[in-house]
Every structure is written in C-alpha cells, then in structure tokens.
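Okay, so here's the structure we're looking at.
Each residue takes its place number in the sequence, starting with 1. Just so you know, ligand 1 is whichever comes first in the structure, and atom 1 is the first atom listed for that ligand.
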Amino acid sequence: MGRLIVIEGLDGAGKRTLADGLAAELDRRDRSVVRAAFPRYGTDVHADLVAEALRGAHGDLADSVHGMAVLYALDRHGAAGTVREDLQQHDVVLLDRYVASNAAYGAARLRQGADGDFVSWVSELELERFALPRPDLQILLQVPTALAAGRAEQRERSDAERRRDRFETDSPLQQRCAEVYTELAEAGWWSPWRVVDGAARVDFAELADVSLGELTRE
Ligand SMILES: Nc1ncnc2c1ncn2[C@@H]1O[C@H](COP(=O)(O)OP(=O)(O)OP(=O)(O)O)[C@@H](O)[C@H]1O
Ligand SMILES: Cc1cn([C@H]2C[C@H](O)[C@@H](COP(=O)(O)O)O2)c(=O)[nH]c1=O
C-alpha cells in the first residue's frame, strides 16, 4: 500500500514547485510516484465549473461558500477510486491540494476558525459521507501572504493562461486562510501534518524521509 501525501498552502505559495522537488527526490530513491492536483481542471466538470465561477460565470454561484465547496468535493469524490487504485500500485500518491483546501478557504471566507461549523461540515461531507482516502501526511507550505501573492503575480506575468482568479486577488482572504491552515496543522486535522517554511531552502531529503514514514515528525 502506497502513502498518500498532500501538499497544502496559499495560492502562489509554491506547492507545485515543492511537489516537483519532492517527486524528484523520491524518484532518485527509485520510489514510484503518481501525482495529481485538485481541482482537476479539464478532467472533471465540477472543477471546470469552479474555475468558470471564480472568473465571474454562473451568476452568483461563486458567492455561495457551501455551493462552491460541494463542487470541489464532488471533483474529489469522482477521483477517489483512482486515488485508491494508485495507492495499490505506487509507493507514493502526491496530491497538490486536497480536502484541507476546502476546509481552509471556506472557513476563511466565512471568517471562521478551524474549530468552526464550516470545517465540521467539510469533515461530515468529505471524510464521513464521501469517505475519501485519508492522507498519511499533509504538508503545509507556509509562506508570508505577501510572498505568495508576489509569486502568484509573477506567474501571471509569465503565463497569460494563469490569470489570477477571485480568491487569488483577495489579500485579506489569503491572510485569513493562512491562519486557518496553521490551526488545521496544529490540530493535526485528519492526519499528521508537517509545516515547511516556503521562504527558506527546503530540505527535500528530510521531506522525503518524512513522506515515506522513515522519519517521524519533530
Ligand atoms: N521557493 C521558491 N522560490 C522562488 N520562487 C518560487 C519558489 N517556489 C515557487 N516559486 C515561483 O512562484 C510561482 C508560483 O509557484 P507554484 O506554481 O509552484 O505555486 P502554487 O502554490 O502551486 O500556486 P497555485 O496554487 O496558485 O497554483 C511560480 O512562478 C514559481 O516559479
Ligand atoms: C481544491 C480546492 C481549492 N480551493 C480554492 C483554492 C484556490 O484559491 C482555488 C483554485 O485552486 P488553484 O490551486 O488555484 O487552482 O480554489 C477551495 O476552496 N477548495 C478546494 O477544495
């Protein structure tokens, strides 16, 4: 049985870049890694609806915190079978965003904390009702909000396809979201967490050890 490793963090934090580095280190150790990112744009209709709503389509859909969260959750519900199969066949399944993104962004939008009603609702929907595979480790890539925003802007400048959406341009939302993520990690919500300082050099050897369960948390 493979290990399910999730990378979480703000928009522009550098999650995909971190996933590249971790996957390269695992590959160097001859571990088979399969990767996915949520939302699954271009693959799942719920993910595409989310992307369209965040850019102003579908009337007031994006205003509904629970409505958007259900779409994100249905995308994962549709992927759960594949994740389970991949866990049978690979050493590591590495995900860029998963259920905690729903918990953190939704709670932040509603100005709640990790102990609030919204996170409980996400737990009931995605952990209990959908019974999504539980991560072995959730990695929180923690960066100052301004740095994440700067990285997202830099990427927007270099990639016209990656225009920032409604959440990405909302700095107060990102700040509240960072706080909820920290609370989720401190509470060990749903799995063990590892907090990685994204403003510093990342020790990929150590992160691979932790991901493989060969080193326990500090
Ligand atoms: N450690 C780093 N140092 C400097 N720049 C970085 C670092 N990590 C990522 N970047 C740059 O920041 C930008 C955003 O990185 P990346 O796409 O990995 O973020 P992300 O968290 O996956 O973003 P999103 O969730 O919005 O898709 C990219 O231009 C990337 O090259
Ligand atoms: C998976 C997921 C994502 N979100 C939020 C986080 C981002 O602001 C956007 C889109 O994600 P991307 O990484 O920028 O493509 O959606 C969310 O609120 N809930 C989720 O489950």
Checklist entry - Under 4.0 Å from ligand 2, counting heavy atoms only, is it the side chain of R40, its backbone, both or neither? => result neither

Next on the checklist: So does D165 get a backbone contact from the side chain of E168, meaning a donor-acceptor N/O pair under 3.5 Å?
Outcome noted: yes

Checklist entry - Which heavy atom in V119 sits nearest to a heavy atom in A103, and how many Å separate them? => result CG2-O, 3.9 Å

Checklist entry - Hey, is A13 one of the residues with a heavy atom under 4.0 angstrom from ligand 1? => result yes

Next on the checklist: On a heavy-atom basis, I'd like to know which of R155, R162, R164 is closest to atom 17 (O) of ligand 1.
Outcome noted: R155

Checklist outcome for this item: among protein heavy atoms, the one nearest atom 1 (C) of ligand 2 is R76 NH1, 3.5 Å

Checklist outcome for this item: Judged by heavy atoms only, the candidate from T17, D11, I7 nearest atom 8 (N) of ligand 1 is T17

Item to check | Polar side-chain atom of W193 near backbone of W189 as donor-acceptor pair, under 3.5 Å | outcome: yes

Next on the checklist: Tell me whether R129 at atom CZ has more than 12 heavy atoms from other residues, nucleotides or ligands lying less than 6.0 Å away.
Outcome noted: no

Checklist entry - Below 4.0 Å from any atom of ligand 2, is there a heavy atom belonging to R109? => result no

Item to check | Greater than 12 external heavy atoms within 6.0 Å of D197's CG | outcome: yes

Item to check | Option nearest atom 29 (O) of ligand 1 (shortest heavy-atom distance, choices K15, Q154, E8) | outcome: Q154

Checklist entry - Closest non-hydrogen protein atom to atom 13 (O) of ligand 2, residue and atom name please, with distance? => result R97 NE, 2.8 Å

Checklist outcome for this item: atom 5 (C) of ligand 2: of Y41, Y72, F38, the nearest heavy atom sits on Y72

Next on the checklist: Heavy atoms only, cut-off 4.0 Å: how does E168 contact ligand 2, side chain, backbone, both, or neither?
Outcome noted: side chain

Checklist entry - For atom 8 (O) of ligand 2, what is the nearest protein heavy atom, given as residue, atom name and distance? => result D11 OD2, 2.9 Å

Checklist entry - Should G12 be listed as contacting ligand 1, given a heavy-atom distance under 4.0 Å as the test? => result yes

Checklist entry - Ignoring hydrogens and geometry, is there a side-chain-to-backbone donor-acceptor pair from Q112 to F118 under 3.5 Å? => result yes

Next on the checklist: Give me the nearest non-hydrogen protein atom to atom 6 (C) of ligand 1 as residue plus atom name, then the distance to 0.1 Å.
Outcome noted: R151 NE, 3.6 Å

Checklist entry - Where on N102 is there a heavy atom closer than 4.0 Å to ligand 2, on the side chain, on the backbone, on both, or on neither? => result both

Next on the checklist: Could you check whether atom CZ of R55 has more than 12 heavy atoms from other residues, nucleotides or ligands sitting under 6.0 Å from it?
Outcome noted: yes

Item to check | Minimum side-chain heavy-atom gap Y181-S101 below 4.5 Å | outcome: yes

Item to check | Backbone of L95 reached by a side-chain donor or acceptor of K15 within 3.5 Å | outcome: no

Item to check | Side-chain donor/acceptor of R151 to backbone N/O of A13, under 3.5 Å | outcome: yes

Checklist entry - So is K15 close enough to ligand 2, meaning a heavy atom under 4.0 angstrom away? => result no

